Student: 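Below is one structure. I have some questions about it.
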Amino acid sequence: MNLRGAVAIFNHELVRFFRTAFGSILSPVLTTSLYFIVFGAAIGSRMQEIGGVPYGAFIVPGLLMLTLLSESTSNASFGIYMPRFTGAIYELLSAPVGVAETLIGFVGAAVMKSLIIAGIILVTATLFVDYSIAHPVLAVGYIVLIAAAFSLFGFILGVWADGFERLSIVPMLILTPLTFLGGTFYSIDMLAEPWRTVAQFNPVFYLVNGLRWTFTGNADVPIGVAFGMTLGFVLLCVVLIALIFRTGWRLRD
Amino acid sequence: MDHPILDIRNLSKTYKAGTTALAGVDLQIRKGEIFALLGPNGAGKTTLIGAVCGLLRPTGGTIEAFGLDVARNWRQVRQRIGLVPQELSFDMFERVDHSVAYSRGMFGCPPNKDRIEQVLRSLSLWDKRTSKIRELSGGMKRRVMIAKALSHDPELLFLDEPTAGVDVELRRDMWRQIGALREAGTTIILTTHYIEEAQAMADRVGVINKGRLLLVDDKAAIMAKLGSTEARISLTQPLGEVPSVLESYQLALEDHGTTLVYRGGDGSGKGKREAAEVIKMLVEQGIGFDAIDTSESSLEDIFVDLVERGEVPA
Ligand SMILES: Nc1ncnc2c1ncn2[C@@H]1O[C@H](COP(=O)(O)OP(=O)(O)O)[C@@H](O)[C@H]1O
Ligand SMILES: [Mg+2]
């Protein structure tokens, strides 16, 4: 393993992130803060508690999930798409860098970025809503797992994409809607049939509820199922990335 | 060749689109030499480099570098190879020194400020080290590409058309750089379609066209095998036939006997010597002439000739 190479890529990616820190940190934090102000502080004060949790606190995990999914996916996808776009990928392809180095470097850096943003969002949230974390260790673990899963997914997206539209289409047209519909702002109990059943086919519904459980101790789904699904998704992505390197798909003609 | 630093056997590459860019190439590179791969656009030069450096997957054949199979021992092999590709391609918003240091790290070398400084200075980039790459001129950008490739001290360096689109002054400068690298023991393989580049720098030359190597030889040997001198002597009086005392030379009469043409030599100076001898004898024989025009065939002529015939000359 070329550990130095992996660390070099990791650092390089983080530097790139901080170089554009204004946009890459401020914009997700600002967006999430707006949600907290509107739904948490303004509307939330007039909403009933859900399962004994005040509405403002109820939406914290969902909003965090919204940011985690879109930021992890777009950071990782841009990280690998940009060198493909500029041609600078030649250097990576000619370097002693394989699956392991790539995962540590690109995916690791994307995870780190997401964690930094998640931390800032959780701190910012305390300004607008009262919330506490029921299982802090599990919460951190689950956040890391989610960030890893979607950074891996983003990496695959960045290898697959052959234009900038595709990079933004997947987070915007698939992940964000699925997250909104996945119970960010409501409990599944508040839905009427058939939507209650439909919602259960949305994978993000399980992720949101898994994270909500670590925060509030309540969830609409068995927590084991949520964890298992996330872990399964991580493994699936790792296997796909290994296959990409083995076959050279979209990287080596 | 006992232990070639690079040993390519029967290498072929057919792209998915169906283009066969390499059709069974055999090539051995000696340690420490400068090898110039000459060929027209589309000949397969970039593909050949890509196959060695890991940018693409060959369809057939084997490649060994440093005695190691590049497909199996890719990590060890790639660490010791540097590549300067044809196109300028990097993160334009990055600083010159950061970009070069990143390359070094990517290839598994520990950070080394002194070495980075050395590389930047040797390419006259030191003053520009804090500039963003996009702020540099085209020639300077190409130097950054070279600096990146040299940052991990490769033993084998590929330069794909290093001087394409570079002005004459910078080209000479680059030749000096390449010469200095060879002095330091780096083996260099460069591709070019400028014959003068190969002629000026290379120890050996390979001519490639349509995915096939037509000829590989020492530059001097190629000149010897194919290089020739042509001397055209304008006579004051037309001759009916070549004088018998000059029979031993390769002479012909053209333009109704008014021009005596010598064609011969082997690139070693024999042609020029013989042309001088012919002239001396013309003087001795009292045969008048009023103009002499001599020319040497260059690698360019040889190259055009080879490519046109599409075969290895005897
Ligand atoms: N990525 C690619 N996909 C399909 N065909 C390619 C690709 N790269 C090069 N070729 C084709 O392969 C042949 C050799 O190209 P190349 O190796 O770039 O030649 P050179 O570097 O000598 O100009 C050309 O016909 C070119 O069009
Ligand atoms: Mg080329």
Side-chain angles (χ1 to χ4, degrees), chain A residues 1-24 78-106 108-109 158-159 162 242-253, chain B residues 13-17 19 21 46-47 49-59 70 73-95 98-112 132-134 145 148-149 151-152 154 158 160:
Chain A
M1 234 268 287
N2 170 10
L3 191 61
R4 283 205 192 95
V7 171
I9 296 171
F10 183 90
N11 288 336
H12 184 256
E13 282 298 295
L14 276 192
V15 167
R16 202 171 55 83
F17 176 68
F18 285 113
R19 194 166 73 197
T20 56
F22 192 74
S24 49
F78 267 90
I80 188 67
Y81 182 74
M82 280 313 287
R84 284 183 60 218
F85 178 72
T86 63
I89 188 95
Y90 83 86
E91 199 172 26
L92 277 164
L93 297 180
S94 68
V97 167
V99 186
E101 293 87 350
T102 303
L103 291 183
I104 296 173
F106 283 103
V159 172
D162 50 14
L243 271 176
I244 285 175
F245 272 78
R246 181 164 287 243
T247 60
W249 183 69
R250 300 244 168 173
L251 292 177
R252 291 186 168 92
D253 279 322
Chain B
K13 173 66 186 178
T14 301
Y15 286 105
K16 274 199 212 80
T19 317
T46 300
T47 303
I49 290 183
V52 177
C53 294
L55 304 194
L56 52 88
R57 327 178 121 249
T59 319
V70 303
N73 307 94
W74 56 274
R75 264 204 190 89
Q76 287 132 282
V77 168
R78 288 186 198 165
Q79 209 154 8
R80 299 162 71 180
I81 295 182
L83 165 65
V84 183
Q86 196 170 347
E87 312 284 338
L88 293 173
S89 33
F90 24 45
D91 179 350
M92 291 284 174
F93 295 95
E94 201 167 22
R95 268 172 53 161
H98 291 173
S99 184
V100 175
Y102 176 41
S103 301
R104 182 177 166 86
M106 198 191 289
F107 278 79
C109 298
N112 185 337
K132 298 256 192 318
I133 293 172
R134 62 194 284 263
M145 299 282 286
K148 283 165 78 66
S151 65
H152 64 282
F158 287 90
D160 199 358

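So that the names make sense, note that chain A is the first sequence line, chain B the second, and so on, each numbered from 1. Values in this document were obtained by computation on a predicted structure and should not be read as measured data.
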Student: State the OG-NE2 distance between B:Ser99 and A:His12, to the nearest 0.5 angstrom.
Tutor: 6.5 Å
Student: Heavy-atom cut-off 4.5 Å, strictly under: side chain, backbone, both or neither for B:Gln79 against chain A?
Tutor: both
Student: Quick one: of A:Gly105, A:Ala95, A:Pro83, who has the most non-hydrogen atom pairs under 4.5 Å with chain B?
Tutor: A:Ala95
Student: Where does A:Leu92 contact chain B at under 4.5 Å (heavy atoms): side chain, backbone, both or neither?
Tutor: both
Student: So for B:Gln76, is it side chain, backbone, both, or neither that comes closer than 4.5 Å to the heavy atoms of chain A?
Tutor: neither
Student: For the backbone of A:Leu93 and the side chain of B:Arg78, can you confirm whether one donor and one acceptor N or O come within less than 3.5 Å of each other?
Tutor: yes
Student: Determine the minimum heavy-atom distance between B:Met145 and A:Tyr90, stating which atoms define it.
Tutor: CE-OH, 3.8 Å
Student: What are the two closest heavy atoms between B:Lys13 and A:Asp253, and how far apart are they?
Tutor: NZ-O, 3.1 Å
Student: State, to 0.1 Å, how close B:Phe107 and A:Pro96 come at their nearest heavy-atom pair, and which atoms those are.
Tutor: CD2-CD, 3.5 Å
Student: Just wondering, more than 12 heavy atoms not from A:Phe85 lying within 6.0 Å of its CZ?
Tutor: no
Student: Can you give me the closest heavy-atom contact between B:Ser89 and A:Thr86, atom names plus distance?
Tutor: CB-O, 3.1 Å
Student: Give the C-alpha distance, both sets of side-chain angles, the deciding distance and a yes or no for side-chain contact (heavy atoms from CB on, under 4.5 Å) between B:Met106 and A:Val97.
Tutor: CA-CA 7 Å; B:Met106 198 191 289; A:Val97 167; 4.0 Å; yes
Student: What distance do B:Tyr102 atom OH and A:Arg16 atom CZ have between them, rounded to the nearest 0.5 Å?
Tutor: 9.0 Å
Student: Just wondering, more than 12 heavy atoms not from B:Arg134 lying within 6.0 Å of its CZ?
Tutor: no
Student: Side chains of B:Cys109 and A:Arg4: does their closest heavy-atom pair fall under 4.5 Å?
Tutor: no
Student: Looking at A:Gly5, A:Ser94, A:Ala88, which makes the most heavy-atom pairs under 4.5 Å with chain B?
Tutor: A:Ser94
Student: For A:Thr247, is it the side chain, the backbone, both or neither that has a heavy atom under 4.5 Å from a heavy atom of chain B?
Tutor: backbone
Student: Quick one: of B:Val77, B:Leu56, B:Leu55, B:Ile81, who has the most non-hydrogen atom pairs under 4.5 Å with chain A?
Tutor: B:Leu55
Student: Looking only at non-hydrogen atoms, find the nearest pair between B:Asp91 and A:Arg19 and report the distance.
Tutor: OD2-NH2, 3.1 Å
